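Here's the structure, in structure tokens; my notes come after.
Because only heavy atoms are used, hydrogens play no part in the values below, and waters and symmetry mates are left out as well, while side chains stay in. Chain A is the first sequence line, chain B the second, and so forth, proteins listed ahead of strands; every chain is numbered from 1. What you are looking at is a predicted structure, and each value in this text was computed from that prediction instead of being measured.
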Amino acid sequence: DAGITQSPRHKVTETGTPVTLRCHQTENHRYMYWYRQDPGHGLRLIHYSYGVKDTDKGEVSDGYSVSRSKTEDFLLTLESATSSQTSVYFCAISDEVGGLGVDEQYFGPGTRLTVT
Amino acid sequence: DQQVKQNSPSLSVQEGRISILNCDYTNSMFDYFLWYKKYPAEGPTFLISISSIKDKNEDGRFTVFLNKSAKHLSLHIVPSQPGDSAVYFCAAVDLSGGSNYKLTFGKGTLLTVNP
């Protein structure tokens with residue numbers, strides 16, 4: 001199994017509070033991703049990183065920010081949590097294979113976030 | 001605008017029979033496809049992939065077929081086992097244009113294999 005952990009695994013917070021989720025990898029992979037999974041929507045990309053300090057938006061980035069100051073850590077921040085951000089959040093990592101620039105992504109165990 | 005579609009939310013099959021999970025895509029720039037399996041309370045795990053230069057890729061009980069003209073791919077599981085019961089996600093990548101590390105996922109299909 002790829003060395004990828006997420007913390008916390010569960011969190012309940014109130015509307016309007018800031019929340020930071022952490023993803024930590026021990027694989028030295030270049031790419032890191034944050035997804036959310038919601039019923040009827042599958043997995044949707046929030047933000048991703050293609051290197052230290054290099055990040056970009058995914059398809060559902062509004063209300064979220066990210067930071068990557070070290071190869072091994074990728075933080076997802078909800079500046080002011082809303083009930084619509086109640087979801088399961090997955091971090092993933094990948095590396096380059098054969099020059100294609102893509103490899104299968106390895107996912108963390110997920111963080112269940114509830115915003116009340 | 002859903003670029004990867006899994007139109008069957010669920011599928012139920014008997015143990016030992018074939019499971020066929022389908023996926024359609026609309027973006028003709030997609031040229032690499034992956035299937036992931038997800039058990040409850042766990043992260044998705046990679047299952048099998050296929051490049052657009054192929055029409056079939058096989059790995060043990062799992063085979064993925066790609067029909068580029070129809071923009072359709074399918075995952076065959078033979079024989080199906082109860083441990084295969086999970087949600088299966090189809091994903092696609094456009095390897096050109098510098099965005100070749102972003103996966104676009106379908107909504108998933110819940111497969112139930114009955115003993």
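- Separation of atoms CD (A:Gln105) and CG (B:Leu34) is listed at 8.0 Å; rounding is to 0.5 Å.
- When the side chains of ILVMFWY residues are joined at heavy-atom separations under 4.5 Å, either directly or via intervening members, B:Leu73 and B:Phe89 end up in two distinct hydrophobic clusters.
- In this structure, B:Lys107 contributes its side chain and A:Gly40 its backbone to a donor-acceptor pair below 3.5 Å.
- Note that NZ of B:Lys102 and OH of A:Tyr50 are 10.5 Å apart. Values are rounded to the nearest 0.5 Å.
- Applying the 6.0 Å contact sphere to CZ of A:Arg44 captures more than 12 heavy atoms from other residues, nucleotides or ligands.
- Around the NZ atom of B:Lys68, the shell of radius 6.0 Å holds more than 12 heavy atoms that belong to other residues, nucleotides or ligands.
- Grouping the Ile, Leu, Val, Met, Phe, Trp and Tyr side chains by contacts below 4.5 angstrom, directly or via other members, places B:Phe33 apart from A:Tyr106.
- Atom NZ of B:Lys38 is separated from atom CG of A:Leu43 by 8.0 Å, given to the nearest 0.5 angstrom.
- Contacts of residues 48-65 of chain B with chain A at a heavy-atom distance below 4.5 Å are absent; not one residue qualifies.
- Residue A:Gln37 touches chain B through its side chain alone, counting heavy-atom pairs closer than 4.5 Å.
- Partner A:Phe107 forms a ring pair (Phe, Tyr, Trp, His ring centres under 6.0 Å) with one of B:Tyr39, B:Tyr36, B:Phe46 and no other, that one being B:Tyr36.
- For the atom pair NE2 (A:His41) and CD (B:Gln2), the distance works out to 9.5 Å, reported to the nearest 0.5 Å.
- Expressed to the nearest 0.5 Å, how far CG of B:Leu103 lies from OH of A:Tyr33 amounts to 6.5 Å.
- Under the 4.5 Å side-chain heavy-atom criterion for grouping Ile, Leu, Val, Met, Phe, Trp and Tyr, B:Val87 is not connected to B:Trp35 through any hydrophobic cluster.
- Heavy atoms closer than 4.5 Å to chain B are found in the side chain of A:Arg9, but not in its backbone.
- A continuous path of hydrophobic side-chain contacts links B:Phe105 to B:Leu110 [ILVMFWY only; heavy atoms under 4.5 Å].
- In this structure, chain A has a heavy atom under 4.5 Å from the backbone of B:Ala41, while its side chain stays farther away.
- Nearest approach of B:Gly43 to A:Phe90, heavy atoms of both residues: CA-CE2, 3.4 Å.
- Contacts from residues 7-17 of chain B to chain A, taken as heavy-atom pairs separated by less than 4.5 Å, involve no residues at all.
- Linking Ile, Leu, Val, Met, Phe, Trp and Tyr residues whenever their side-chain heavy atoms come within less than 4.5 Å leaves B:Leu47 and B:Val93 in two separate clusters.
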